[in-house]
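First the proteins, then the strands, lettered A, B, ... as listed; each starts at 1. This structure is a prediction, so every number in the text was calculated from the model and none was measured.
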There are 2 protein chains.
Amino acid sequence: MSLKKTFQALSDPTRREILSLLRERPLAAGDIAARFDLKAATISHHLGILRSAGLVSDERSGKNVIYELNLSVMEEIINWIKTLSGGIDT
Amino acid sequence: MSLKKTFQALSDPTRREILSLLRERPLAAGDIAARFDLKAATISHHLGILRSAGLVSDERSGKNVIYELNLSVMEEIINWIKTLSGGIDT
DNA sequence: AATACAATTAGACAACAGTCTAATTGTATT
DNA sequence: AATACAATTAGACTGTTGTCTAATTGTATT
């Protein structure tokens, strides 16, 4: 997972909001879509980008596809910032 | 400075490399441009985006314009990640 | 097996981003 | 004040992004 992909994925407000929703618990694609004023197809597209950036994982459960937050990629970002700042203490 | 602007600015590899260059010391726009296979106008454009995202500050010094890294915006990113992870220990 | 529900994929379209060349602005030197 | 140097701005062009509607796939229910 490249930093480019990660930052690009995080640059969209809708995608950041999706991640925030997943903070509490995993959710089905439909449940996520229901929270936005966007078509389900659009949300599916955003979920695809998040998945491809490694920010979420997905698993089918019957008719639904459950999405779950994956925070490990965030480590990469933090490490990159650390190299920039020469090891700032956050 | 919005997260959108910040992440968008960081999503471009050239801009990330510029920030890395500025890690050591402030540099003139021309010195930065000299490190890349891109036209000076293009680099100037990138510097404008970094400035507008608050990631660098600039100051004119005679004929040159000196760019300096500004890390304070990174705090915002880290804080956002922290809210997502519910206070992960990095 | 037929129908319905959940989600994704395909294709179209407007808006935006990264690059270039050419023109412009700002500062210093002669 | 004329010229040269450093940097930015303007305008054009191509490629990418976010959204939509329509069509498709996958799974469950009847």
Side-chain angles (χ1 to χ4, degrees), chain A residues 1-22 25-70 73 77, chain B residues 1-22 25-70 73 77:
Chain A
M1 308 302 157
S2 63
L3 279 177
K4 179 180 175 73
K5 254 190 171 179
T6 308
F7 282 129
Q8 224 155 25
L10 293 176
S11 73
D12 183 84
T14 299
R15 289 194 288 266
R16 285 200 305 280
E17 215 175 321
I18 290 174
L19 296 179
S20 287
L21 277 178
L22 295 176
R25 62 191 162 294
L27 289 172
D31 293 343
I32 297 172
R35 310 276 196 125
F36 294 89
D37 260 357
L38 293 170
K39 296 295 165 187
T42 302
I43 296 297
S44 186
H45 173 242
H46 283 307
L47 289 170
I49 289 172
L50 290 171
R51 184 185 335 111
S52 138
L55 289 162
V56 300
S57 57
D58 63 325
E59 185 192 0
R60 186 170 267 277
S61 162
K63 283 196 275 202
N64 305 305
V65 174
I66 309 297
Y67 283 86
E68 181 169 3
L69 190 55
N70 182 352
V73 183
I77 295 185
Chain B
M1 305 305 157
S2 63
L3 278 176
K4 179 180 175 72
K5 254 190 169 179
T6 308
F7 282 129
Q8 223 155 28
L10 293 175
S11 73
D12 183 86
T14 300
R15 289 195 287 265
R16 285 200 305 280
E17 214 175 322
I18 290 175
L19 295 179
S20 287
L21 276 179
L22 295 177
R25 61 190 165 295
L27 288 172
D31 293 344
I32 296 171
R35 310 276 196 124
F36 295 88
D37 260 357
L38 294 169
K39 296 295 164 185
T42 301
I43 296 297
S44 188
H45 174 241
H46 283 308
L47 289 170
I49 289 171
L50 290 172
R51 186 186 332 114
S52 135
L55 289 162
V56 300
S57 56
D58 63 327
E59 185 191 0
R60 187 170 267 276
S61 163
K63 283 194 277 202
N64 304 307
V65 174
I66 309 299
Y67 282 86
E68 181 168 4
L69 190 56
N70 183 353
V73 183
I77 295 185

Does any non-hydrogen side-chain atom of [Y] lie less than 4.5 Å from one of [X]?
X: B:Leu47; Y: B:Asp58; answer: no
X: A:Asn64; Y: A:Asp31; answer: no
X: B:Leu19; Y: B:Leu10; answer: yes

Is [N] paired to anything, Watson-Crick or G-U wobble with both distances less than 3.5 Å, and if yes, which nucleotide?
N: D:dT16; result: C:dA15
N: C:dT9; result: D:dA22
N: D:dT27; result: C:dA4

If you check every side-chain atom of [X], which of [options] has the closest atom?
X: A:Arg51; options: C:dT8, D:dA7, C:dA17; value: C:dT8
X: A:Lys63; options: C:dT19, D:dT27, C:dA7; value: D:dT27
X: A:Thr42; options: C:dT21, D:dC20, C:dG18; value: D:dC20
X: B:Ala41; options: C:dA7, D:dT21, C:dA22; value: C:dA22
X: B:Ala28; options: C:dA7, D:dG18, D:dA7; value: D:dA7
X: A:Leu47; options: D:dT8, C:dG18, C:dT8; value: C:dT8
X: A:Ala40; options: C:dT21, C:dT8, D:dA7; value: C:dT8

Is [X] close enough to [N] that one of its side-chain N or O atoms is under 4.0 Å from OP1 or OP2 there?
X: A:Asn64; N: D:dT27; answer: no
X: A:Ser44; N: C:dT8; answer: yes
X: B:Tyr67; N: D:dA6; answer: no

Query raised in the report: Take atom NZ in B:Lys4; do more than 12 heavy atoms of anything else shown fall under 6.0 Å from it?
Result: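 Correct, the count exceeds 12.
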
Query raised in the report: Quick one: does A:Ser44's side chain have a donor or acceptor within less than 3.5 Å of a partner on A:Ala41's backbone?
Result: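 No.
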
**Report entry** Side-chain (B:Arg15) to main-chain (B:Glu17) donor-acceptor, under 3.5 angstrom
**Finding:**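 No: the side chain of B:Arg15 does not pair with the backbone of B:Glu17.
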
Can you measure [X] atom [atom1] to [N] atom [atom2] for me and round it to whole angstrom units?
X: A:Gln8; N: C:dC16; atom1: CD; atom2: C1'; value: 12 Å
X: B:Arg15; N: C:dG18; atom1: CZ; atom2: C1'; value: 8 Å
X: A:Leu38; N: D:dT17; atom1: CG; atom2: P; value: 18 Å
X: B:Phe36; N: C:dG18; atom1: CZ; atom2: P; value: 14 Å
X: B:Ile66; N: D:dT8; atom1: CD1; atom2: P; value: 10 Å
X: A:Asp58; N: D:dT25; atom1: CG; atom2: P; value: 19 Å
X: A:Asp31; N: C:dC5; atom1: CG; atom2: C1'; value: 14 Å
X: B:Ile32; N: D:dA7; atom1: CD1; atom2: P; value: 9 Å

Report task. Take A:Lys39 and A:Gly62, find for each the nucleotide of DNA chain D with the closest heavy atom, and name the residue whose nucleotide sits nearer the 5' end. Result ->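 Nearest nucleotide further toward 5': that of A:Lys39.
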
Query raised in the report: NA contact type, B:Ile43, heavy-atom cut-off 4.0 Å: base, sugar-phosphate, or nothing?
Result: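 Counting heavy atoms under 4.0 Å across all strands, no contact is made by B:Ile43.
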
Requested in this report: Quick one: label B:His45 by what it contacts on the DNA or RNA (base, sugar-phosphate, nothing), any heavy atom closer than 4.0 Å.
Outcome: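 The residue B:His45 makes base contact.
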
